[in-house]
Visitor: 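There's a structure below that I have some questions on.
As the structure is a prediction and not an experimental result, all values here were calculated from the model. Counting starts at 1 for both ligands and their atoms, in listed order. Scope of the values below: all heavy atoms of this structure, side chains included, with no hydrogens, waters or symmetry mates. Start at 1 with the first residue, then count along the sequence.
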Amino acid sequence: MTIKQALISVSDKTGIVELARELRQLGITILSTGGTAKLLKDAGLTVTEVSDYTGFPEMLDGRVKTLHPKIHAGILARKDAPEHIAAMEKAGIPGIELVVVNLYPFSQTVARSDCSLEEAIENIDIGGPTMVRAAAKNYKSVTIVTDPEDYAPLLEEMKSASGAVRQELRFQLACKAFSHTAAYDSAISNYLTSIDSKDEYGQRQAFPERLNLNFSIGQHLRYGENPHQQAAFYRDLAPASGSLASYAQLQGKELSYNNIADADAAWECVKTFDLPACVIIKHANPCGVAVADTPLAAYQLALATDPTSAFGGIIAFNRALDGAAAEAVIKQFVEVIIAPELSDDAKQILARKTNVRVLTLPLQAGGNTFDFKRVGGGLLVQTPDNLNVAAAQLKVVTQVQPTPQQLQDLLFAWRVAKFVKSNAIVYCAHGQTLGVGAGQMSRVDSARIASIKAQNAGLALAGSVVASDAFFPFRDGLDVVVQAGAKAVIQPGGSVRDEEVTAAADEQGVAMVLTGVRHFRH
Ligand SMILES: NC(=O)c1ncn([C@@H]2O[C@H](COP(=O)(O)O)[C@@H](O)[C@H]2O)c1NC=O
C-alpha cells in the first residue's frame, strides 16, 4: 500500500523529526497536531496542521484536536472498496495511509506520588487511541506506528519497496497498536478503580477493583517446570530497575523456566546484603549464603555450607565478579552466574565454559508492586515481603543477652531465613550459613534436617546462631537447635507458648531475640 499522506501526533517525540524528514524525502505529505507540528516546522519541515486541514481549531485545552470526520474518514476508508473511494471523493476527503501516534503519558503521570486525580484525568488520551484503533482496524489500507522503535524498520521497508508497506508488516503493527491501547486502558482502569471511594478522590487503595495485568513476552522457553509443560517468560512493560527481568545475558545456553525462577530467588536474596555476598540457590532455596571481604571468600564459605546441593546451582554475587572468584566458581557445575558486573579476567575465565549462563544486572533497590500466585480459578495478590528488621527492633527476651558478634550473625541468619521456603531453620556463624532446613511441614523436622546438613558438610554447630522464620509453637523445635549447639536464636515470637519457649531458652542458657515479624515463604 503506497503512502501519500501521513498523520503524526506524538507525546513521546523521540526520533520523530528524523522519521518525518525521511517521509518528506519520500514525497509524503504530513499532517500533524499542535506540539508535534511545531517541532517538525522548527526543524524546517513542511507540515500541515490538523486544524488548518480540517478547518476546525484545536479546542477545550487540546481535548479535541483530531476528532474530526475529515481525519477519521481519511483513516477508516477502505482503499480497496469502490463505494468507500466514491464516498470519499464525493465528500472531498483525501486518504491517510500512515498514522504515527503515541499517547499521553498516563502511567508515568500517575506513578508520581503527588499526582492529583485531575492531573490523571487530563492525561487520559482520547483522540490518540481513537486514531490508533481506527488505523489498526483498517490495517489493510493503513499503517499504524505506535512505538519509536518501529520507525527504523518502517523506513527500511518503505525505502526498499518504493514507499509501500507490505500487509504482513501492517498487520504486525496493528496487533501491536491494539496491545498499546489495551495496556493504556488497563492502566487507567487499574488506577481509577484503586481510588478509595470513601475518601473524596484522595486515598488510593493498594488493590484495584478490577486487576488488569499487562506483560509483554520476553522469550519463549523450551519448556516449563517439566519438559511436558509449555512456557514463556513475560516481562513487565517497565520492569523495576534492578529486578531480574532487566538482565543482560553475556554468554551461555538459553535460560530455562527453572533457571529464571531460581535466578530471581538468588538475585533478590543477594541484593539484601551490604557486605560482599554470595548466594547459591537450588530448587528455589538457598543452599549456601555467606558474606565476606571478597566475592571469592563469600563464594567459598557459601559453597562449604552444602557442596552436594550446590551442584548445578544458581550463584549470585552482589559485587563485580573478579577473576579469582570466577576461577573458583567454574570448578563446580553451575547453571547460572549472576553479578552486577564482571571484570575482563572473569569474562575470559567464564568463556571457557560456554554453556554456563552468565547474567549481569544493575544492583539497584526497588522491586515489584505486587506478588502473584495463581490458584484454581483465581489469583492471590499481595505486596512483596520487603521488610528488613534492624538491630534496634529486636527484643531480647532471655536472661542471656546476645554478644555483638551473635547479634550480627542473628541478623544475617534472619535475612537468609526470609528467602528459605517455610518451615525454615537456618544455622549460621561468622557471616556463613552452616545448615539450612527448608520447606518442611514441621518446624522440628526442619531443625533436624538443618543440623544433619551441617554434620554432612563437616560444619560444627557448637556456638552457632539460628533463625526460625516463624515462631516455635512448642519448645521441641528450640530444644533441637540448642542440642545441636546453637547459642543464640532469632524468631518472630507471637506463639501462645512464647513463655514456655523463652523458659526453655533460659533453662539451657541461650540468648533469644524476637523480631515481631514473620517471614513465611511458600
Ligand atoms: N483530543 C484529540 O483529538 C487528540 N488527538 C491527538 N491527541 C494526542 O495529542 C498528542 C500530541 O499532541 P501535540 O502534537 O500537541 O504534542 C498525542 O499523544 C495524541 O495522542 C489528542 N489528545 C487527547 O485526547
Visitor: Ring of Y104, cation from R63 - is the NZ or CZ under 6.0 Å from the centre and inside 45° of the axis?
Guide: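 Relative to the ring axis of Y104, which defines the angle, R63 lies outside at least one limit.
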
Visitor: Can I188 and F106 be said to form a side-chain contact (heavy atoms from CB on, under 4.5 Å), step by step?
Guide: CA-CA 7 Å; I188 296 168; F106 181 82; 3.8 Å; yes

Visitor: Around atom 22 (N) of ligand 1, find the nearest protein heavy atom and jot down its residue, atom name and distance.
Guide: Y104 OH, 2.9 Å

Visitor: Can you name the side chain to side chain donor-acceptor pair (under 3.5 Å) partners of D274, sequence neighbours left out?
Guide: none

Visitor: May I ask you to check whether L103 has an N/O atom sitting below 3.5 Å from an N/O atom of ligand 1?
Guide: no

Visitor: Out of T146, T66, I8, whose heavy atom sits nearest atom 5 (N) of ligand 1?
Guide: T66

Visitor: Taking all non-hydrogen atoms of both residues, which atom of R24 and which atom of I28 are closest, and how far apart?
Guide: NH1-O, 2.7 Å

Visitor: Nearest protein heavy atom to atom 1 (N) of ligand 1, by residue and atom, and its distance?
Guide: R63 O, 2.6 Å

Visitor: Taking NZ, NE, NH1 and NH2 as the nitrogens, is one of them in D147 or K176 under 4.0 Å from a carboxylate oxygen of the other?
Guide: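 Salt bridge between D147 and K176, a charged N being under 4.0 Å from a carboxylate O: yes.
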
Visitor: Checking S256 now: which residues fulfil side chain to side chain donor-acceptor pair (under 3.5 Å) with it, not counting sequence neighbours?
Guide: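 Only N259 meet the side chain to side chain donor-acceptor pair (under 3.5 Å) criterion with S256.
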
Visitor: Can you list the ligand 1 atoms lying under 4.0 Å from a non-hydrogen atom of K13?
Guide: 16 (O)

Visitor: Under a 4.0 angstrom heavy-atom cut-off, which atoms of ligand 1 come close to V64?
Guide: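 Those qualifying, in numeric order: 1 (N), 3 (O).
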
Visitor: With a cut-off of 4.0 Å, which atoms of ligand 1 are near a heavy atom of T33?
Guide: 11 (C), 12 (O), 13 (P), 14 (O)

Visitor: Quick check: does A37 get an N/O under 3.5 Å from an N/O on ligand 1?
Guide: no

Visitor: Pick from E97, R78, R170, K79: which one makes a side-chain contact (heavy atoms from CB on, under 4.5 Å) with V142?
Guide: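 Answer to the side-chain contact (heavy atoms from CB on, under 4.5 Å) test with V142 among E97, R78, R170, K79: K79.
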
Visitor: Taking 4.0 angstrom as the limit and counting only heavy atoms of L67, give me the atoms of ligand 1 inside it, by number and element.
Guide: 3 (O)

Visitor: Could you list the atoms of ligand 1 found under 4.0 angstrom from a heavy atom of I126?
Guide: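 Those of ligand 1 that fall under 4.0 Å from I126 are 23 (C), 24 (O).
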
Visitor: I need the contact type for N102 against ligand 1. Using non-hydrogen atoms and a strict under-4.0 Å cut-off, is it side chain, backbone, both or neither?
Guide: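 It is the backbone that touches ligand 1; the side chain stays farther off.
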
Visitor: Does the side chain of D385 pick up a donor-acceptor pair with the side chain of H519 at under 3.5 Å?
Guide: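 Yes, H519 and D385 have a side-chain donor paired with an acceptor closer than 3.5 Å.
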
Visitor: With a 4.0 Å cut-off on N to O distance, would you call E268 and K271 a salt bridge?
Guide: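 Yes, this pair counts.
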
Visitor: Heavy-atom contacts with T36 under 4.0 Å: which atoms of ligand 1 show up? List them by number with element.
Guide: 13 (P), 14 (O), 16 (O)

Visitor: Provide the number and element of each atom of ligand 1 under 4.0 Å from a heavy atom of V101.
Guide: 20 (O)

Visitor: Taking the minimum heavy-atom distance to atom 4 (C) of ligand 1, which of S9, G127, P129 ranks first?
Guide: G127

Visitor: Which option out of M59, K65, E49 puts a heavy atom nearest to atom 9 (O) of ligand 1?
Guide: K65

Visitor: Under 4.0 angstrom from ligand 1, any heavy atom of K38?
Guide: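 No; K38 lies far enough from ligand 1 that no heavy-atom distance drops under 4.0 Å.
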
Visitor: Verify the neighbour count for atom CD of Q230: are there more than 12 heavy atoms of other residues, nucleotides or ligands below 6.0 Å?
Guide: no

Visitor: If you have a sec, work out which protein heavy atom is nearest atom 21 (C) of ligand 1 and how many Å separate them, to one decimal?
Guide: D125 OD1, 3.7 Å

Visitor: Need the ligand 1 atom indices (1-based, order shown) with element for anything under 4.0 Å from a heavy-atom of G35.
Guide: 13 (P), 14 (O), 15 (O), 16 (O)

Visitor: side-chain contact (heavy atoms from CB on, under 4.5 Å) for S246 and L361? Distances and angles first, verdict last.
Guide: CA-CA 7 Å; S246 53; L361 276 162; 3.7 Å; yes

